[in-house]
2 protein chains.
Amino acid sequence: MAQAKPKTEAKPVRRSAIDGVYERIRKKVLDSELAPGSQILEHELAVMLGVSRTPVREAVIRLHNEGLLEIIPRHGVRIVPIAVSDMREIYDVLISLEPRAAELLALRGASPKELRQLEVCCERMTDALARDEMEEWALADEEFHLGIVQLSGNRRLADIVLNCWDQVHRARYFTLRLRKHPHPSKSIEEHYEIIEAIRRGDAKAASDIYRRHRDRGLKEQVDVMMTFRIHQI
Amino acid sequence: MAQAKPKTEAKPVRRSAIDGVYERIRKKVLDSELAPGSQILEHELAVMLGVSRTPVREAVIRLHNEGLLEIIPRHGVRIVPIAVSDMREIYDVLISLEPRAAELLALRGASPKELRQLEVCCERMTDALARDEMEEWALADEEFHLGIVQLSGNRRLADIVLNCWDQVHRARYFTLRLRKHPHPSKSIEEHYEIIEAIRRGDAKAASDIYRRHRDRGLKEQVDVMMTFRIHQI
DNA sequence: CGCACCCATTATGTATACATTAATGCATTC
DNA sequence: GAATGCATTAATGTATACATAATGGGTGCG
């Protein structure tokens, strides 16, 4: 899980049931359709998805490696909840890796087309914010950060970051509805600063701004969780 | 995945065949007993290990997620070889994460016992070097760096780093025999500097020295591979 | 009334059987 | 002689059957 699995790669595509099962369980976990902290038996999952236990097991192993599920010997799988301490751990990894991705992108130089792609995300964010559509705002935000790690050219780094995001996904979307506004204009401003730094090829600046951006993000998340006495999510 | 699976955690331990199978295949890969780039069928692995295909498959999925194996639809699993470009990718992740681990350890403050544990590794390295036992030197080196990430307190970060190490393990041991000496005194010196910085609680210094240390490590690895025209390992 | 032990139940771990799909080789035709 | 198509083979993907081990409850004894 480590690490780091080829989720990014676009293969010729072989559609086997296990991939489908994996995706469906993953979606249920990310969307809280399977409640954090709850447990469910392999057999129940198999029945729920209309397949046998075999593909379920294999999908579950993958999800376990990704840190989304825990395998409790006689009690099925447990959807791992994210506590504030987990949040800190995960953000610590993100804060170490994402600025480096921005740095790499700045160093290798982004094409106008790639920069444009990032700008479009910012425009979508501004737009969504104006109409108070926070879900759309979050989606565009995700796409921006996703874009940077993927454009960094380091696939392993990108895979790790993506996996971290999966783990905090629930929390991000949950807090969306709780906090008034996520310092949104400030956030978008920083995004533009990052794009500018990358355009200038200023790796140091890109990295620094990114780090500040994530630092603030962590604080906001933790604040919301503390304020609302949410210990797990 | 990303990677990052609970490899660190010490559970009550349940010894099931799949764990054993996983360990044995992993060992064969790390020790190059299964050659990098070679392919082997699930069935062959099963026969080789004296079990059925089921536990083999499950172990293979884990190893695939860790980036050690690749699953080629009709041609079994392939032991993924590490090229120079992979080396750079992996070290990039390490260079982002390990200094942060040292930083965290410096920030929280290491106990005398913990610091002693790290020093013992350095002493073992010095000792091994004096007797020209490079394998032992490498082992002690690994234990030092392992110690730091594990003492950092961030289990996810530690798991990711451990996984990266697995991926470069072969290369590290291979180059051991090719280069004269890995700037060994310099290397040990830096280790002590890192320990000192942690002892002082100087997070910045610990991080910086560590980064330099790894930067040099990457260069050495790449140099050796280039010099000997090793494209994959 | 409480604790401990034993048995039944059940979930998982493992093996095996079966179906599906892809690759290879051979034959036939152009 | 080469290329294409079909058939055979073989490996994986999936299901199912079976063995094992743990859990929970019930009963009996202290």
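A, B, ... follow the sequence lines: proteins, then strands. Residue 1 opens every chain.
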> Expressed as a whole number of angstroms, how long is the span from A:R57:CZ to C:dT14:C1'?
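The distance from CZ of A:R57 to C1' of C:dT14 comes to 9 Å, rounded to the nearest Å.
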
> CG of A:L49 versus P of D:dT14: gap in Å, rounded?
13 Å

> What is the separation between atom CG on A:L45 and atom C1' on C:dT12, rounded to the nearest whole Å?
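In whole Å, C:dT12 C1' and A:L45 CG are 14 Å from each other.
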
> How close or far is atom C1' of C:dT14 from atom CG of B:D19, stated in whole angstroms?
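Going from CG in B:D19 over to C1' in C:dT14 covers 13 Å.
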
> Check each of A:I79, A:I40, A:I61 against A:L69 using the side-chain contact (heavy atoms from CB on, under 4.5 Å) test, and report the only one that passes.
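It is A:I79; the other options fail the test.
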
> Is the distance between the ring centroids of B:Y210 and B:H145 under 6.0 Å?
yes

> Is the shortest side-chain N to carboxylate O distance from B:R155 to A:E89 below 4.0 Å?
no

> Check B:R116 with B:E123, please: is the shortest side-chain N to carboxylate O separation under 4.0 Å?
yes

> Using distance alone, with no hydrogens and no angle criterion, decide if B:Y22 and B:E66 have a side-chain donor and acceptor under 3.5 Å apart.
yes

> For DNA chain C, which residues of residues 35-43 of chain B approach it to below 4.0 angstrom with any heavy atom?
none

> When you look at CZ of B:R88, are more than 12 heavy atoms from neighbouring residues, nucleotides or ligands closer to it than 6.0 Å?
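No, the 6.0 Å shell around CZ holds no more than 12 heavy atoms from other groups.
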
> What's the closest nucleotide to the B:E58 side chain, out of C:dT14, D:dT14, C:dA15?
C:dT14

> Hey, are A:D31 and A:K27 close enough for a salt bridge, meaning a charged N less than 4.0 Å from a carboxylate O?
yes

> What does the B/S/- profile of nucleotides 16-23 of chain C look like, 5' to 3', with a 4.0 Å heavy-atom cutoff to protein?
B----BSS

> Without swapping roles, check the side chain of A:T175 against the backbone of A:L178 for a donor-acceptor pair under 3.5 Å.
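No.
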
